[in-house]
Structure formats: structure tokens, C-alpha cells
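Both counts, for ligands and for their atoms, begin at 1 and track the order of listing.
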Amino acid sequence: MVSERMKGLGTARSVIRELFEYGKLRAAQVGAENVFDFSIGNPSVPPPDAVNETAIRLMTEQPHLIHAYTSAQGDLAARERFADSLNRRFGTSYSASRLYITMGAAAALTCVFNGLTCPGDEFIVFAPYFPEYKVFIEDAGAKMVLIPPEIEAFQIDFDAFERALGVHTKGVVINTPNNPSGVVYSRETLERLGAILTEKSRQFGHPIYLISDEPYREIVYAGFEVPWVPHIYRDTIVCYSFSKSLSLPGERLGYVLVPEEVTDSGDVYAAVAGAGRSQGNVNAPSLFQQVTSLCCDMTADLKVYEENAKLFVSALREMGYHVVAPGGAFYLFPRSLEPDDVAFSERAKKLDLLVVPGSGFGAPGHVRVSYCVQTDTIRRALPKFQALADSYK
Ligand code: PLP
């Protein structure tokens with residue numbers, strides 16, 4: 001006998017993975033240059049040179065020590081460097097004692113959901129959303145309450161949000177810049193969200209935590225601003241990752257920040273650490289705790305994503321696609337040319353164009369296009385998008 005729930009999770013098909021595997025198969029049949037895979041969010045630019053140089057230097061200088069265990073919550077010097085970097089950039093005064101280093105944003109989120117959840121708790125998530133939230137929230141024993149998408153700008157449908165808030169709401173999850181829409185929440189959106197949460201926390205007599213999932217914080221385009229969310233709403237817990245900003249998704253490094261200002265901050269931090277312990281999410285990779293903390297003021301050269309976004313958005317709009325311009329990350333979320341996004345994605349697939357149906361992100365009638373690819377790949381893919389549009393005329 002095994003856990004049916006875990007068996008289900010282990011065998012459930014991932015549309016993104018399936019498309020990715022299909023792409024590899026097709027590439028072997030027709031040549032990689034003829035398959036246009038926009039399915040997966042793997043950064044296309046290398047990490048800064050300093051990342052590999054630092055890793056090599058540390059392995060040479062401390063051949064034994066660098067691979068040793070650290071404290072469960074992460075090495076103190078590494079946490080101090082992360083805190084210093086945040087304080088320099090955002091004018092805060094965070095200390096290492098409120099940082100918990102994790103294996104990427106995924107583990108940061110599971111530590112937070114597990115740390116916060118009491119029986120009957122709910123977490124509100126806005127569509128379109130990163131599908132793993134549902135797995136993480138339900139695994140913690142909580143319920144995910146999904147707010148339908150506001151499809152004109154992918155900001156927040158505040159009427160639906162206010163209706164969903166209740167005495168069982170333990171937290172609200174935001175992800176800006178967003179996967180899959182690429183949209184950045186405006187300051188106005190965040191301030192309105194913060195005001196509602198402050199009011200409802202008072203009304204319900206307990207804090208409603210805002211969980212800000214920020215793997216794309218540094219990938220933001222000209223004319224857009226990603227405000228520091230804890231400045232806007234006091235009870236914000238930040239989940240961060242170096243997967244995208246430093247192009248290190250395979251090294252599994254991120255952190256949870258529980259600012260001192262958060263209600264019951266000490267208890268929340270202790271519960272995050274306890275959740276980490278209970279899941280074996282302790283001692284994130286030692287080498288990369290040091291490397292990322294020594295390189296945390298840098299980013300990979302991210303400008304190609306903005307170039308790609310501009311090229312893609314204007315070309316797709318000219319072809320008649322409806323697409324909200326992204327403000328960051330590396331995703332587009334155009335409307336599918338028929339209501340059935342799965343059928344649309346299948347039709348695209350016949351042209352060797354791989355885009356992910358929006359239903360899995362809670363926003364049917366759309367598809368996700370990951371443009372973390374070479375700009376030339378986009379240029380060569382445009383005739384395929386044209387052919388796809390023509391096939392609906
Ligand atoms: N949150 C969002 C919105 C993401 O898009 C991803 C990864 O793509 C993650 C979390 C998980 O990131 P990590 O690689 O840091 O675990």
C-alpha cells in the first residue's frame with residue numbers, strides 16, 4: 001500500500017513536461033531548428049561569470065569545508081549577506097535571524113504553507129497562477145481558494161477577492177512579475193490589496209498573511225516598477241529564488257524572509273523552520289548558499305527577455321492575437337483563437353509550435369508562451385504563428 005494522494009501526484013501528467021518531451025522527440029525527427037518550443041521556463045541566458053568563478057574559487061580554497069553541513073536554516077554569513085543586500089536595496093533593517101535559506105522558491109513556499117496552516121485554513125490565489133501552489137497548499141492541509149482572472153490587464157478582480165475573504169483566510173498568495181501572464185502588479189493594485197487585507201485582518205481578529213512569491217523580482221522592463229511589498233503591507237512574507245535572476249534553476253537556492261514587523265514574527269519564523277525540518281528542507285546546498293550570497297547583488301544579463309517581449313507582442317498583435325503586454329518575467333499569455341485552449345494548443349502543435357494551454361493555470365481561453373529563448377527562434381517562429389492565425393480565418 002502507498003499513499004494514494006502521493007501516487008496520484010507522482011503519476012499525474014504534466015502538460016508542460018509532456019510538451020517539452022514531445023518537442024525533444026520531434027526535434028529528433030525533423031531537426032531541432034524546425035521545432036519551436038515555448039513550453040518551459042528555463043532561463044536562456046547564462047549566469048554571470050562571477051557565479052562560476054566564485055564557485056571554483058570556493059571549491060579550491062575550502063575543498064572540504066564548502067561541502068559541509070550548515071545550520072538547518074542556512075549558514076549565518078550567507079544569511080547576513082542576503083539581509084545586507086535587501087537592506088541596501090530597500091532601506092530596511094532585516095537581520096539574518098529572520099531569513100531561512102531554502103531549495104528554491106518551491107521549498108520556500110512549502111515551508112510557509114506548512115508553517116502557517118492550522119485546521120480549516122484557506123489560502124487565496126489569483127488566476128492565472130503557478131499550478132504548484134495547489135499541490136503545496138493542499139499538501140499542507142489547507143484549502144486553495146481561486147479567484148478568477150481579470151482578463152483585461154491580469155491585475156486583480158477585487159470584487160471577487162473581497163467575496164472570497166473570510167474568517168478562514170490565513171493567507172493570500174501573489175506572484176509579481178507573474179508566471180504565466182508576465183504582468184507586474186501596479187503599485188495601485190498592491191496598495192488596494194494591502195488596504196483590504198488590513199481592514200479584513202482587523203474585522204476577523206487575526207492577521208491575514210500576504211505571501212509574496214518573487215522568483216521574477218529582478219526581471220522587470222522599462223516603465224514598470226516592482227514595489228517592495230513589505231513596505232505596502234506589513235504582514236508580508238517573502239519567498240525568493242535565484243533560479244531566474246541568476247539563471248540557476250538547477251542549483252536550488254532561495255529563501256523565506258519573515259520581517260520583524262510581521263505579526264507574531266518570531267512564531268512564524270519558528271514555524272517556517274519547523275516545517276523545513278519536518279520536510280527535510282534543511283541545509284540548502286552549501287556551495288550555492290555561499291555563491292548566491294556572494295553574488296546576490298548581480299543578475300544574469302536579462303535584457304534579451306525584454307527584447308523578446310517587444311518583438312513578440314508587436315508581431316502577435318499585428319497578426320490579430322490579443323495579448324496583454326508583459327512588464328517582466330519571460331512569459332506571454334495571449335488569448336487562444338478559439339475558446340478551447342487545449343484544442344488551440346493541439347492545433348499549434350501540428351505546426352511544431354509548442355505553447356501551454358491556459359486551463360492548467362486557471363485561465364482557460366489563453367495559452368502560455370515562454371520566451372526565454374534565442375531572439376532568432378522567435379523571429380523564425382513568427383510565420384508559424386501567422387499560419388496558426390490564418391487557419392482560423
Ligand atoms: N513560483 C513561481 C511563480 C515559479 O514560476 C517558479 C518556477 O518556475 C517557482 C515558484 C519555483 O521556483 P524554484 O525554481 O525557485 O523552486
Side-chain angles (χ1 to χ4, degrees), residues 14-17 19-20 38-45 47 51 74 82 99-114 123 125-137 139-140 144 146 149 154 171-185 210-220 226 229 237-257 275-276 279-281 284-285 288-289 291-293 296 299-300 302 305 326-333 356 358 360-363 368-373:
S14 152
V15 181
I16 299 177
R17 287 268 150 208
L19 274 172
F20 183 62
F38 299 105
S39 67
I40 211 151
N42 229 346
S44 57
V45 290
V51 163
F82 290 144
L99 278 157
Y100 188 92
I101 305 181
T102 58
M103 288 168 234
L109 289 161
T110 63
C111 286
V112 171
F113 292 133
N114 280 283
F123 290 91
V125 168
F126 301 102
Y129 71 105
F130 178 56
E132 295 304 284
Y133 292 158
K134 189 169 193 300
V135 178
F136 298 161
I137 289 170
D139 201 51
M144 183 179 94
L146 189 63
F154 293 123
V172 173
V173 185
I174 56 169
N175 166 226
T176 169
N178 185 265
N179 174 10
S181 72
V183 157
V184 173
Y185 281 172
L210 183 58
I211 297 144
S212 185
D213 177 27
E214 307 187 350
Y216 303 95
R217 185 167 69 210
E218 273 67 47
I219 311 181
V220 55
V226 179
V229 184
I237 300 169
V238 175
C239 295
Y240 187 71
S241 166
F242 293 97
S243 293
K244 319 286 171 165
S245 60
L246 280 177
S247 294
L248 292 174
E251 302 301 347
R252 314 306 304 131
L253 225 297
Y255 58 75
V256 180
L257 167 72
Q279 298 168 328
N281 271 324
F288 273 85
Q289 288 189 42
V291 172
T292 54
S293 65
C296 65
T299 65
L302 305 170
Y305 300 136
F330 37 58
Y331 307 104
L332 284 183
F333 205 55
V356 185
F361 303 97
R368 190 187 75 171
V369 182
S370 297
Y371 56 83
C372 39
V373 297

Distance only, no hydrogens: is a donor on one side chain within 3.5 Å (strictly under) of an acceptor on the other, for Q289 and Y255?
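Absent: no donor and acceptor within the cut-off.
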Hey, are T102 and Y240 close enough side-chain-wise for a donor-acceptor pair under 3.5 Å?
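No, T102 and Y240 have no side-chain donor paired with an acceptor closer than 3.5 Å.
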Whether T176 side chain and Y185 backbone form a donor-acceptor pair below 3.5 Å
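Here the side-chain-to-backbone pair exists.
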Assert yes or no for the condition that the ring centre distance of Y216 to F330 is strictly below 6.0 Å.
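Centroid separation for Y216 and F330: below 6.0 Å.
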How long is the span from the CD1 atom in I237 to the SG atom in C111, to the nearest 0.5 Å?
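The SG atom of C111 is 11.5 Å from CD1 of I237, to the nearest 0.5 Å.
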Select all protein residues for which some heavy-atom-to-ligand 1 distance is less than 4.0 Å, and list them by chain and number.
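Under the 4.0 Å cut-off, ligand 1 touches G104, A105, A106, F130, Y133, N175, N179, D213, P215, Y216, S241, S243, K244, R252.
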Going by salt bridge (Lys or Arg N to Asp or Glu O under 4.0 Å), name the residues that satisfy it together with E251, two or more places apart in sequence or in a different chain.
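Residues passing salt bridge (Lys or Arg N to Asp or Glu O under 4.0 Å) with E251: none at all.
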